[in-house]
Amino acid sequence: MNSLERPNTPAPQRASVVVVGAGPAGLTVGNILRRAGVDCVVLETETREFIEQRPRAGVIEEWVVRALEQRGLAGNLLRKAQRHTACEFRFDGRQHRFSYGELTGRHHFVYPQHLLVTDLVREYTDVRDGDIRFGVRDVQVHDVDTDRPSVSYTCPQSGQRQVVHCEFVAGCDGARGVTRRALPPEQFRVARHDYGIGWLSLLAEAPPSSDCVLFGIHEDGFAGQMPRSPEVTRYYLQCPPGDDPANWPHERVWAELRRRLAAKGAPELVEGRLIEKRMLDMHDYVVEPMASGRLFLAGDAAHLVAPIAAKGMNLALHDAFLLGDALVAHLMRDAGSDRFGTGRAGRDRPDGDGGLEGYSEACLRRVWDYQEFSQWLSEVYHGQAAGEPYRTGTTIARLRRLFTSPLAAAAFAEQYLGTAERY
Ligand code: FAD
C-alpha cells in the first residue's frame with residue numbers, strides 16, 4: 001500500500017531517489033530500485049486508473065522483453081503478448097511481406113503499453129512495497145546541482161506543499177513534464193526535427209485484417225495498421241499537420257484506410273468503432289546531455305521519437321535499465337557494504353554501461369541510432385505523397401532494395417529489431 005492510501009500516516013519526506021513520472025521509464029526505474037531494496041518515491045500527476053488505461057505503444061523489441069524478464073518484470077507480458085515475425089509493405093498495388101523472423105530468428109512482442117504499465121504499477125506497489133503518490137500537482141525540482149536535491153509537490157488530499165529530500169532525481173515525466181526545465185540552460189542543448197506532417201492516430205474496436213504490421217505507401221499519404229490485440233487495432237493516416245480530428249468522421253477514416261492499404265489479394269479491412277482519434281504532430285527532439293548534477297532524465301523527458309518505427313517506449317525502457325542499474329550500483333558502492341540488505345557488497349556489482357557518469361552517453365548512442373532509422377523510414381512512408389516525381393522514384397528504390405538485396409534486408413531487420421551488437 002502506498003503512503004497516500006494511509007491517510008493518518010505522514011508520507012516519508014526523505015528517500016534515496018525521487019522518480020518523477022509513472023510511465024514505463026519511471027516505473028521500471030522504481031522497480032529496479034525496489035528490487036535492490038533502495039528507498040524511493042514515485043510522483044505521478046495522474047491517477048492510477050488513468051495511467052492503467054492510457055493506450056499508446058504496443059510494439060516491444062525482443063531484447064527489451066528479455067531485459068524486463070531479467071529484472072522480474074515480464075511475467076504477464078511473456079504469457080499474454082503476441083509474437084510478430086513479419087511486417088508488410090503495400091506499394092505498387094501489391095503486398096510485399098518482409099519476414100524478419102525468417103531472416104534473423106528474432107521477433108517483436110506486441111503488448112499494449114497500458115497493460116505493461118498496469119503490471120509495473122502492481123509489481124512496484126503490491127510486491128516490492130514501493131511508495132507511489134498519484135495525483136500530485138505543481139511538481140518542482142530543486143538544487144540538483146548540490147548534494148541535497150529535493151522535489152516538492154502539492155498533495156492532492158491536503159492541498160499542502162510537500163518536499164521530499166533525496167540523493168538523486170530521476171526525471172521520467174515524459175514529453176510534457178517539468179524535470180527537463182531543471183537542467184541549467186547553459187549546460188544542455190535540444191536538437192529538434194519536424195517532419196512537417198501530421199498523423200491521425202486511431203484505435204478501432206476491430207480485429208486486425210492481417211497477422212502483422214502493415215505499412216501502406218500511397219500517393220495520397222501513408223496509412224498504417226498495428227495490431228494490438230484480437231479485439232483492438234491501431235491505425236494511422238497521414239494528414240496535414242495541425243489537421244482537426246473532427247475532419248475525419250468514421251466513413252472518411254475507413255474509406256481512406258481501405259484506399260491507402262489496398263493491395264491485390266489482400267483481405268478486406270475489418271471495420272469497427274473508433275475508440276480513439278487524435279492528431280499527432282510528427283516531430284522529434286533529443287536533449288544532450290541527459291543529466292546534470294543529481295538529475296537524470298529518462299525516456300520521453302529526454303528524447304521524443306515520432307512513432308514511425310515504434311521506438312519511443314523501447315528507448316524509454318533502455319534508459320530505465322541503465323539508470324536503475326547505475327543508481328543501484330552507485331548507492332550500494334556509497335554504502336560500502338550491504339546497505340540495502342541484498343546480501344551482496346556494492347563493489348561486486350557491475351556498474352552498467354559506465355555507471356551514472358557514462359549514463360547519458362550510453363543512452364544517446366542508441367537514441368541517435370533510432371532517430372536516424374525513424375528519419376530513413378519516414379522518407380519511405382511519406383516520400384511518395386510529397387508529389388515530387390524525384391522523391392517517388394527514390395522512395396520506391398529504397399523499398400525495392402529491401403526485397404532484392406539480402407544485405408539491405410539484413411541491415412533493415414537489424415535496425416527494425418534494435419539488435420545491433422554495439423551502439
Ligand atoms: P510517459 O509514458 O509519457 O510517462 C510519463 C509519465 O509522467 C506520465 O504518466 C505522466 O502523466 C507523468 N507526468 C507528466 N508530467 C508530470 C509531472 N510534472 N510530475 C509527475 N508526473 C508527471 N513506442 C514504442 O516503443 N512502440 C510503439 O509501438 C509506440 N507506439 C506509440 C503510439 C502512439 C499513438 C504514441 C503517442 C506513442 C507511441 N510510442 C511507441 C511511444 C511511447 O508511448 C512513449 O515513448 C513512452 O510512453 C515513453 O515512456 P515514458 O515513461 O518516457 O513517458
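Counting starts at 1 for both ligands and their atoms, in listed order.
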If we number the atoms of ligand 1 from 1 as shown, the ones under 4.0 Å from a heavy atom of C172 are 5 (C), 6 (C), 7 (O)

Against the six-membered ring of F134, is R48 placed for a cation-pi contact (under 6.0 Å from the centre, within 45° of the normal)?
no

Protein contact to atom 16 (C) of ligand 1 [nearest heavy atom, distance to 0.1 Å]:
D173 CB, 3.6 Å

Nearest to atom 33 (C) of ligand 1, what protein heavy atom do you find, and at what distance?
Y236 OH, 3.8 Å

To which of R56, E44, R228, E46 does the heavy atom nearest atom 6 (C) of ligand 1 belong?
E44

Can you confirm, on distance only, whether ligand 1 has an N/O atom lying under 3.5 Å from any N/O atom belonging to P24?
yes

Min N/O separation R54 to ligand 1 under 3.5 Å:
yes

Yes or no on side chain to side chain contact (heavy atoms under 4.5 Å, CB included) for L200 and Y236, after CA distance, side-chain angles and deciding distance?
CA-CA 6 Å; L200 184 66; Y236 295 115; over 6 Å; no

Answer yes or no on whether R401 is positioned over the face of W376, meaning its NZ or CZ is under 6.0 Å from the six-membered ring centre and within 45° of the axis.
no

Where is the nearest protein heavy atom to atom 34 (C) of ligand 1: which residue, which atom, and how far?
S201 OG, 3.5 Å

E414 and T419: side chain donor to acceptor below 3.5 Å
no

At under 4.0 Å between heavy atoms, what of Q113 touches ligand 1? The answer is side chain

In this structure, which one of R365, R192, R189 forms a salt bridge (charged side-chain N to carboxylate O under 4.0 Å, His left out) with E288?
R189

So between A25, A57, A175, G299, whose heavy atom ends up nearest atom 30 (N) of ligand 1?
A57

Ligand 1 and N314, any nitrogen or oxygen pair closer than 3.5 angstrom?
yes

Compute the shortest N/O to N/O distance between G58 and ligand 1 and return yes if it is under 3.5 Å, no if not.
yes

Check whether any side-chain heavy atom of R137 lies under 4.5 Å from a side-chain heavy atom of P156, and answer yes or no.
yes

Of the protein's non-hydrogen atoms, which lies at the shortest distance from atom 24 (C) of ligand 1, and what is that distance?
M313 N, 3.2 Å

Using heavy-atom distances, let me know which of L304, D300, V178, T45 sits nearest atom 44 (C) of ligand 1.
D300

Closest heavy-atom approach to atom 28 (O) of ligand 1 among I308, V59, L315 is made by V59

Using a 4.0 Å heavy-atom cut-off, which part of Q140 comes near ligand 1: side chain, backbone, both, or neither?
neither

Is the closest heavy-atom distance from R234 to ligand 1 below 4.0 Å?
yes

Considering only the protein, which heavy-atom contact is closest to atom 53 (O) of ligand 1, and what is its distance?
G174 CA, 3.8 Å

So, is A310 polar-close to ligand 1, with some N/O to N/O distance under 3.5 Å?
yes

